[in-house]
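As structure tokens, the structure follows; a few thoughts come after it.
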Amino acid sequence: MTAFYLTTPIYYVNDRPHLGHAYSTIVADAMARYRRVAGDDVWLLTGTDEHGDKIAQAAAKAGITPQAMADQNSAAFRATWQALGISYNDYIRTTEERHKKVVQAILQALWDAGEIYLGTYGGNYCFGCERFYTEKEIVDGKCPDHLTPLTWIEEQNYFFKMSKYQGWLIDHIERHPDFVRPERYRNEVLGFLRDPLTDLSISRPRRRLEWGIPLPFDDQYVTYVWFDALINYVSALGGPGDPRFEKFWPHAQHVIGKDIVKPHAIYWPCMLKAAGISLYQHLNVHGYWTLGGHKISKSVGNLVEALAFKEKYGNDAFRYFVLREMVFGLDADFSEEAFVGRLNADLANDLGNLVSRATTLIVNLGGGKVPQGGSVTPAEEAVAEAFAKVKADVAAAMDEFAFHRALASIWEFVGVVNRYVDTSQPWALAKDAAKKDRLDAALTTLAESLRVLGIMLVPFLPDAAEKIRTALGQSGEPRLADAVWGRFAAGAPVQRLSGLFPRIDDKKTSASPAGPVETAATPRIKIDEFGKVELRVAEVIAAEPLPKSKKLLKLMVSLGQEQRTVVAGIAEHYAPADIVGKKVVIVANLEAAKLMGVESNGMVLAASIGGKLAVLTLDRDLPPGAKVT
Ligand code: ME8
């Protein structure tokens, strides 16, 4: 059994939990659950960061003691994680004795080793961030994060000799390309390290700040909150020498948001090196959630409201949305329209329908039991092969914390199985006794598909995955090792499972820019009316944005014999480079029209829902010009 240790940031207790905190914690939980089904011995740590100016000031403002504020908000974080079903193994608070003890032991060891000295420091300080800012970082004389004025502070403090580790750290990062990942953050860190690294002020005079861990070698000072906080990752395991530490620390990985890369990628490795503790394995950095496209600072209340969607739509839907929507490492936008769009399309339609159709077919046509095999044809083999590929793709994606990719792969498989239902048509097979063997093969394939989905979905949709497994009578602990084709015993009972993710009426949510999903019936048309529309496959040869237009791309497409210009309203969803080389479908006999001064000869077909847009492409290669009927 491989040990696996994963941590979230420990959150400040001056505020309530919000969407951003929830995202980091859900990401860590999904990874922990994945590693558990994969058979690893997992330890998931989260907790709260309770010392420092920020908390002291918030408490003073609220008229309570810092400890009372910490108690209240730490409990609020814990309650939120319980409500979200976060499967943490430990919850650390930096005001706990077990933490203080390890912080003081490390400080004393560094002091004894001459790694810490007393010096004078003057600088521009932000109370919100709890840190000094360099001239280079300051924006218009203000804190670049909070946009509030900085305070000049000069004082005697203790310093950690961080500067001497600069060369060593650059070397470590260069030798371990995925120490900080995704790569953009590694580059950012190497960028910081191109400037000289200064020593780190690790104390605050007590006359200015009482709320911290006293330095063991000078009780006139408390520990700088970042020096205190980072050590939580080690103190929660009991510190060096503790069996739990010895077991898990060599496998440590951290999850953080991009705002706290510097302390984690620079201070923390230097601190560990100086203390003679091995470094963590990976720092996994994610981007920021924005709301309605606006950049948000840390303390905006509507992030709290965004988190409330978990009550409105359920934990699984919430987890799915955040894990699928955010490309790990990049920023993403949260909106109710996008949320409902994904819920309806991916969860209600694709997955929910599949589970309902497949279980209903097995109950109605197979007497509620997995049949005796049936002979396997290429159609059944294709489903089994698609799954084997998806399982491998999910493993590769999860190795890199690419949750969005893992989910996209699983949904490819859901699509494969849905199409298999459409093409195998078990209801038609059931009408012909001579086709019993085909029917058995189809029902077995559906049962197998749901069984493996009931395992693969555990990290992402824990509640739905359990319902699927229960409907299939799978009561043991889910294990990835069992997600292999052909393990379902013939005769196993299957129950009908419908309404796994009820569809949300998106008319009730505010209209999305792309318009709500069209559910109202449009009048039916005759086949010859449809025949008037000439649809053809077109290969995009070149694409460029139209100056002055945010929405339009000018495409040069090939229809085999001829080339033409088509203007498409897809610029907000596709960069020119993303669309060039794709084979799309166009309405080829549309009258020419001028758009922003460019003549367009045709229209590119695209589907849209909840602010998302996808251009129609072919799922198998055909030459440009091919007619679409
Ligand atoms: O920085 N989008 O705590 P904190 C995505 N106590 N994630 C976000 C986010 C957003 N808009 N806003 C916050 C601290 N986060 C320190 C950490 S660790 C030793 C000490 C998430 O309460 C993200 O993970 O300000 C970010 O790094 C963290 O919350 C900051 O939480």
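Every number for a ligand or one of its atoms is a count from 1 in the order of the listing. What you see below is based on every heavy atom in this structure, not just the backbone, and it leaves out hydrogens, waters and symmetry mates.
- Between Y280 and F179, the ring planes are parallel. Angles under 30° get that label, and only those over 60° would be called perpendicular.
- Side-chain N or O atoms of H21 include one that pairs as donor or acceptor with a backbone N or O of H18 at under 3.5 Å.
- Checked against a 3.5 angstrom limit, the closest N/O atoms of A229 and ligand 1 fall outside it.
- Within ligand 1, counting atoms from 1 as listed, the ones closer than 4.0 Å to a heavy atom of W289 are 2 (N), 5 (C), 10 (C), 11 (N).
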> Checking side-chain contact (heavy atoms from CB on, under 4.5 Å) for the pair Y313/Y320: CA distance, chi angles, key distance, verdict?
Replying inline: CA-CA 11 Å; Y313 297 116; Y320 178 79; over 6 Å; no
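- The contact set between ligand 1 and D49, taken as ligand atoms under 4.0 Å from a residue heavy atom, comprises 6 (N), 16 (C), 20 (C).
- Distance alone, capped at 3.5 Å, is enough to place a donor-acceptor pair between the Q104 side chain and the P214 backbone.
- In the model, Q67 has no side-chain atom that pairs as donor or acceptor with a side-chain atom of T65 under 3.5 Å.
- Near Y233, the atoms of ligand 1 lying under 4.0 angstrom from a non-hydrogen atom of the residue are 18 (S), 19 (C).
- Under a 4.0 Å criterion applied to the non-hydrogen atoms of S24, ligand 1 contributes the atoms 21 (C), 23 (C), 24 (O).
- Annotation: W226 places no N or O atom under 3.5 Å from an N or O atom of ligand 1; distance criterion only.
- Between R186 and D178 no salt bridge is recorded (no basic side-chain N to carboxylate O distance below 4.0 Å).
- Taking a cut-off of under 4.0 Å to the non-hydrogen atoms of H286, the atoms of ligand 1 that pass are 5 (C), 7 (N), 23 (C), 24 (O).
- Ligand-side atoms of ligand 1 in range of D259: 26 (C), 27 (O), 30 (C), range being under 4.0 angstrom from any heavy atom.
- Interface of G287 with ligand 1, defined as ligand atoms under 4.0 Å from a residue heavy atom, comprises 5 (C).
- Inclusion of Y12 in the set of residues having an N or O under 3.5 Å from an N or O of ligand 1 is warranted.
- When heavy-atom distances to ligand 1 are checked against a 4.0 Å cut-off, H264 comes that close only through its side chain, counted from C-beta outward.
- Ring geometry for F328 versus F401: interplanar angle of 30 to 60°, hence tilted.
- When the options I10, L230, T7, T94 are ranked by their closest heavy atom to atom 16 (C) of ligand 1, first place goes to I10.
- Within the structure, ligand 1 has Y288 among the residues with a heavy atom less than 4.0 angstrom away.
- Near I260, meaning under 4.0 Å from any of its heavy atoms, are these atoms of ligand 1: 1 (O), 17 (C), 27 (O).
- Residues passing the salt bridge (charged side-chain N to carboxylate O under 4.0 Å, His left out) test with E96, sequence neighbours excluded: R98.
- Scanning for ring pair (Phe, Tyr, Trp, His ring centres under 6.0 Å) contacts around Y91 gives Y88, with sequence neighbours left out.
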